[in-house]
Amino acid sequence: MSKRTGIKVQKNRTDDEFIMLPTVDFCFKELMRNEKVRKGIIAALLGVRPEEIKETRLLPTILRKEYEDDKYGILDVRVEMHDGTQIDFEMQVAEFDFWKKRIVFYLSKMVTDQIHKGDDYDKIQKCIHVSILDFVHFPEDNRYYRKITFCDTKTGEIYTDIMEIHVLELGKLPPEDQNEEGIIRWMRFLNAKSRKELKEMAKQDEYFGEAYEELDRLSADEKKRLEYETRLKYKRDKYAQLHYATRIGREEGERIGREEGERIGREEGERIGKEEGK
């Protein structure tokens with residue numbers, strides 16, 4: 001019986017090493033329901049001590065539409081801080097077309113979602129988007145973490161921090177350093193690939209320990225595990241379909257290229273033959 005939910009959970013006795021991995025969006029969303037885990041991650045992101053994070057509250061993840069034909073904004077995890085700051089966390093494993101435009105759209109919706117008819121602009125609170133990516137988004141360098149905001153392109157002076165973007169590229173993590181601290185440690189935790197890795201990190205501090213215990217509880221819940229594996233299968237099938245479509249497209253392109261090359265070669269040969277026969 002789970003002390004937290006009162007729901008009976010049962011471990012899979014045939015697979016004691018199984019544990020949900022945070023890079024699967026379903027698992028990440030469930031993990032972020034734990035307030036202590038949220039505080040640990042947000043503190044590392046903002047560069048403050050977890051004790052300074054007074055309160056976090058999960059908000060609805062579907063942003064309202066102003067007009068009937070507006071596009072909905074659907075977020076992964078949306079958190080409100082004690083000072084009104086909102087943070088949107090997005091876990092993305094596969095490369096996504098137009099990712100930059102997508103997150104700017106969502107960030108803008110978070111801002112406009114705060115204003116209703118008759119409200120003044122002073123009601124707007126800071127909005128932060130956090131992209132946790134398991135693919136390389138900026139191939140031109142090895143920076144695994146970057147913070148982006150509005151600034152003067154010449155002086156670097158920040159114009160406003162009302163909209164802020166944090167990009168965490170898990171695929172760029174450097175070899176582990178024992179003196180690491182801050183957000184890179186959480187990136188390693190989120191990028192872990194086994195129970196053993198997660199369990200070792202759980203020994204580092206109480207926030208990693210809480211995150212590991214939460215993953216352990218989720219993994220022992222048969223219903224949650226079924227949802228997790230269904231989501232994982234969907235992602236694998238989608239990737240396989242994309243890979244198949246890419247391969248078929250490449251083969252078709254090569255076939256058309258060969259046929260076109262042969263046609264041009266024949267026409268050129270016939271032309272040369274006619275010229276020589278004159």
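The figures here come from the full heavy-atom set of this structure, side chains too, leaving out hydrogens, waters and symmetry mates.
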Taking side chain as C-beta onward, heavy atoms only, is Phe98 less than 4.5 Å from Phe105?
-> no
Inspect the contact between Lys109 and Asp113 and indicate whether a charged nitrogen and a carboxylate oxygen are less than 4.0 angstrom apart.
-> no
Are Val93 and Leu21 co-members of a hydrophobic cluster defined by side-chain heavy atoms under 4.5 Å apart?
-> no
Are the side chain of Glu52 and the backbone N or O of Arg49 linked by a donor-acceptor pair below 3.5 Å?
-> yes
Are Asn34 and Arg217 side-chain neighbours, meaning at least one heavy-atom pair lies under 4.5 Å?
-> yes
May I have the step-by-step check of salt bridge (charged side-chain N to carboxylate O under 4.0 Å, His left out) for Asp216 and Arg195, ending in yes or no?
-> CA-CA 9 Å; Asp216 193 43; Arg195 176 180 285 275; 3.0 Å; yes
In this structure, CD1 of Ile132 is separated from CG of Asp76 (nearest 0.5 Å) by 9.0 Å
Is there any salt bridge (charged side-chain N to carboxylate O under 4.0 Å, His left out) pair reaching into residues 181-191, and which pairs are they, with sequence neighbours excluded?
-> Glu180-Arg188, Arg185-Asp205
What distance do Tyr212 atom OH and Ser219 atom OG have between them, rounded to the nearest 0.5 Å?
-> 8.5 Å
Hey, what do you get for CZ (Phe189) to CZ (Phe208), rounding to the nearest 0.5 Å?
-> 7.0 Å
Would you say Val130 and Asp88 make side-chain contact, with heavy atoms under 4.5 Å?
-> no
Donor-acceptor pair, side chain of Glu197 and main chain of Lys193, under 3.5 angstrom | yes
Value rounded to 0.5 Å, distance of NZ in Lys54 from NE2 in His82 | 4.5 Å
Is there a side-chain contact between Ile128 and Leu46 (heavy atoms, below 4.5 Å)?
-> yes
For the hydrophobic clusters of this structure (ILVMFWY residues joined by side-chain heavy atoms under 4.5 Å, transitively), does one cluster hold both Phe28 and Met201?
-> yes
Exactly one candidate in His129, Glu80, Arg57, Arg78 meets side-chain hydrogen bond (donor to acceptor under 3.5 Å, both in side chains) with Gln86; the answer is Arg78
State, yes or no, whether a side-chain contact exists between Ile184 and Tyr144 at a heavy-atom distance under 4.5 Å.
-> yes
To the nearest 0.5 Å, tell me how far Glu35 CD sits from Ile42 CD1.
-> 9.0 Å
Determine whether Ile103 and Ser131 make a side-chain contact, defined as any pair of heavy atoms from C-beta on separated by less than 4.5 Å.
-> yes
Considering all heavy atoms, the nearest Trp186-Gly40 contact | NE1-O, 3.2 Å
In one Ile/Leu/Val/Met/Phe/Trp/Tyr side-chain cluster, 4.5 Å: Tyr121, Leu107 | yes
Do Ile41 and Phe89 have side-chain heavy atoms sitting under 4.5 Å apart?
-> yes
Less than 4.5 Å apart, any side-chain heavy atom of Met187 and any of Asn191?
-> no
Closest non-hydrogen atom pair, Leu198 against Ala192 = CD2-CB, 3.5 Å
Taking all atoms of both residues into account, what is the closest heavy-atom pair of Leu215 and Pro22, and its distance?
-> CD1-CG, 4.1 Å
Please identify each residue that fulfils side chain to side chain donor-acceptor pair (under 3.5 Å) with Gln92, with sequence neighbours left out.
-> none
What's the verdict on side-chain contact (heavy atoms from CB on, under 4.5 Å) for Met20 and Glu30, showing C-alpha distance, side-chain angles and the deciding distance?
-> CA-CA 10 Å; Met20 293 185 187; Glu30 291 291 323; over 6 Å; no
Before accepting this row, confirm whether a basic side-chain N of the pair Arg225/Glu229 lies closer than 4.0 Å to the acidic partner's carboxylate O.
-> yes
Okay, side chain of Asp119, backbone of His116: is any donor-acceptor separation there less than 3.5 Å?
-> yes
Is the NZ or CZ atom of Lys36 positioned over Tyr207's six-membered ring, under 6.0 angstrom from the centre and within 45° of the axis?
-> yes
Worked verdict on Glu227 versus Lys223 for salt bridge (charged side-chain N to carboxylate O under 4.0 Å, His left out) | CA-CA 6 Å; Glu227 291 183 65; Lys223 184 177 179 181; 5.3 Å; no
So, are Arg146 and Asp141 salt-bridged, with charged N and O less than 4.0 Å apart?
-> yes
In short, Asn179 meets Asp177 closest at the heavy-atom pair N-OD1, 2.9 Å
Would you kindly confirm whether Leu173 and Leu190 end up in one hydrophobic cluster when ILVMFWY residues are joined by side chain heavy atoms under 4.5 Å apart?
-> yes
Over all heavy atoms of both residues, which pair between Ile115 and Lys123 is shortest? Give the atoms and the distance, please.
-> CD1-CB, 4.0 Å
Identify all side-chain donor-acceptor contacts of residues 155-171 below 3.5 Å with residues at least two apart in sequence or on another chain.
unit_1: Thr155; atom_1: OG1; unit_2: Glu157; atom_2: N; d: 3.1
unit_1: Thr160; atom_1: OG1; unit_2: Ile162; atom_2: N; d: 3.1
unit_1: Asp161; atom_1: OD2; unit_2: Lys126; atom_2: NZ; d: 3.4
unit_1: Glu164; atom_1: OE1; unit_2: Lys126; atom_2: NZ; d: 3.1
unit_1: Glu164; atom_1: OE2; unit_2: His166; atom_2: NE2; d: 2.7
unit_1: His166; atom_1: ND1; unit_2: Tyr145; atom_2: OH; d: 2.7
unit_1: Glu169; atom_1: OE1; unit_2: His137; atom_2: N; d: 2.5
unit_1: Glu169; atom_1: OE1; unit_2: Phe138; atom_2: N; d: 2.9
unit_1: Glu169; atom_1: OE2; unit_2: Lys172; atom_2: NZ; d: 3.1

Where does the angle between the aromatic ring planes of Trp99 and Phe135 fall among parallel (under 30°), tilted (30 to 60°) and perpendicular (over 60°)?
-> perpendicular
Under 3.5 Å, side chain of Arg38 to main-chain N/O of Val79, donor-acceptor pair present?
-> no
CD/Glu140: more than 12 non-hydrogen atoms of other groups inside 6.0 Å | yes
Distance (rounded to the nearest 0.5 Å) between Ile183 CD1 and Lys147 NZ = 12.0 Å
Looking only at heavy atoms, which two atoms of Met91 and Asp25 are closest? And how far apart?
-> O-CB, 4.2 Å
